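Input: a single structure, listed below in structure tokens.
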Protein chains: 2
Amino acid sequence: MDQDRTVQAEYLKALAHPTRIQILELLNEEGRCVSNIGEKLNLKQSNISQHLGILRSRGILSLRREGGHSIYCIRDTRALEILGLLRG
Amino acid sequence: MDQDRTVQAEYLKALAHPTRIQILELLNEEGRCVSNIGEKLNLKQSNISQHLGILRSRGILSLRREGGHSIYCIRDTRALEILGLLRG
DNA sequence: CATTTAAATCATTATATTCTAATAAATATA
DNA sequence: TATATTTATTAGAATATAATGATTTAAATG
């Protein structure tokens, strides 16, 4: 089906950005909040929030609120497998 | 390294298009020339040529000339593994 | 050699993506 | 309740991507 390929393309597009790849590497260690990721990557808050939103909209990340923070975690581990394939 | 992530992102970007995914599915069956792919996908010649160029520029496809035709083949099978992951 | 065929390249237009800065919303704390 | 903190959202500008049509290049064939 062609709709499948569109969905697959959207998924890959979500992964296809250096910052989002780095976010996935960080979240592979442990769930993190936006500001924590911001410190690690040294990027603007709004930019990180947007990248997280893109990954979440594809189901790659999940979000839970904890205290005043949004904790993001990896939900779909296929993303990690794909990145692993690209490395090894 | 951040340059690695940029390369990885470029690779994923090359895969992240429905037409290019379909091209990879076709070439997984057998090597094909531009016009053959054109018949299968019913798209303009220049468009297909551009998509093939993108896949080739990332090392995903290879090209050999045969008679008057350019035969494209899959060179980097990680691309197929990634698509397999997205299906399964 | 002229013509046809196959493919690549180029220019243009339309659309999408990305980043920044500003603002809004939501929650925590004094 | 007022203020501070954290995150999300919005708007705008810059850049990138994609499709089309026209042109060019290269090879094959008459």
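The sequence lines fix the lettering, A, B, ..., with proteins before strands; numbering per chain opens at 1. All values derive from a computational prediction rather than experimental measurement.
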For nucleotides 1-4 of chain D, list the nitrogen or oxygen atoms of the protein found under 3.5 Å from its nitrogen or oxygen atoms, one pair per line.
none

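- Here dA18(D) presents its P atom at 15 Å from CD1 of I48(B), a figure rounded to the nearest Å.
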Identify all pairs in which a protein N or O lies below 3.5 Å from an N or O of nucleotides 8-11 of chain C, and state each distance.
residue: dA8(C); atom: OP1; partner: Y72(B); partner atom: OH; Å: 2.5
residue: dA8(C); atom: OP2; partner: S49(B); partner atom: OG; Å: 2.8
residue: dA8(C); atom: OP2; partner: Y72(B); partner atom: OH; Å: 3.4
residue: dA8(C); atom: N7; partner: Q45(B); partner atom: NE2; Å: 2.6
residue: dA8(C); atom: N6; partner: Q45(B); partner atom: OE1; Å: 2.9
residue: dC10(C); atom: N4; partner: Q50(B); partner atom: NE2; Å: 2.9

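- Across every non-hydrogen atom of I74(B) and N28(B), the tightest pair is CD1-N, 3.7 Å.
- Every residue two or more places apart in sequence or in another chain that forms a side-chain hydrogen bond (donor to acceptor under 3.5 Å, both in side chains) with R32(B) is listed here: E29(B), N36(B).
- In this structure R64(A) satisfies the salt bridge (charged side-chain N to carboxylate O under 4.0 Å, His left out) test together with E66(A), sequence neighbours excluded.
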Please tabulate, for the side chains in residues 42-53 of chain A, all donor-acceptor contacts under 3.5 angstrom to protein atoms that are two or more places apart in sequence or on a different chain.
residue: N47(A); atom: OD1; partner: H51(A); partner atom: NE2; Å: 3.2
residue: H51(A); atom: ND1; partner: R20(A); partner atom: NH1; Å: 3.0

message: Test side-chain contact (heavy atoms from CB on, under 4.5 Å) on E25(A) and R5(B); report intermediate values, then the result.
response: CA-CA 10 Å; E25(A) 290 171 0; R5(B) 293 186 197 102; 2.8 Å; yes

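- At the heavy-atom level, G53(B) lies nowhere under 4.0 Å from the strands shown.
- Y11(B) places no side-chain N or O within 3.5 Å of a backbone atom of G59(B) that could act as its donor or acceptor partner.
- The side chain to side chain contact (heavy atoms under 4.5 Å, CB included) test applied to R58(A) returns E10(A), A14(A), I60(A), not counting sequence neighbours.
- Applying the side-chain hydrogen bond (donor to acceptor under 3.5 Å, both in side chains) test to E39(A) and every residue at least two apart in sequence or in another chain returns nothing.
- In terms of the side-chain hydrogen bond (donor to acceptor under 3.5 Å, both in side chains) criterion, R75(B) has no residue partners (sequence neighbours excluded).
- For DNA chain D, the residues of residues 21-33 of chain A within the heavy-atom distance limit of 4.0 Å (strictly under) are C33(A), sorted by number.
- For H51(A) and dT18(C), the shortest distance from a side-chain N or O to OP1 or OP2 is not below 4.0 Å.
- Sorted pairs that involve residues 68-88 of chain A and meet ring pair (Phe, Tyr, Trp, His ring centres under 6.0 Å), not counting sequence neighbours, are lacking altogether.
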Listed pairs, N/O of protein and of nucleotides 12-17 of chain D, under 3.5 Å:
residue: dT17(D); atom: OP1; partner: K13(B); partner atom: NZ; Å: 3.4

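- For residues 77-88 of chain B, every residue pair satisfying the side chain to side chain donor-acceptor pair (under 3.5 Å) rule, not counting sequence neighbours, is listed here: D76(B)-R78(B).
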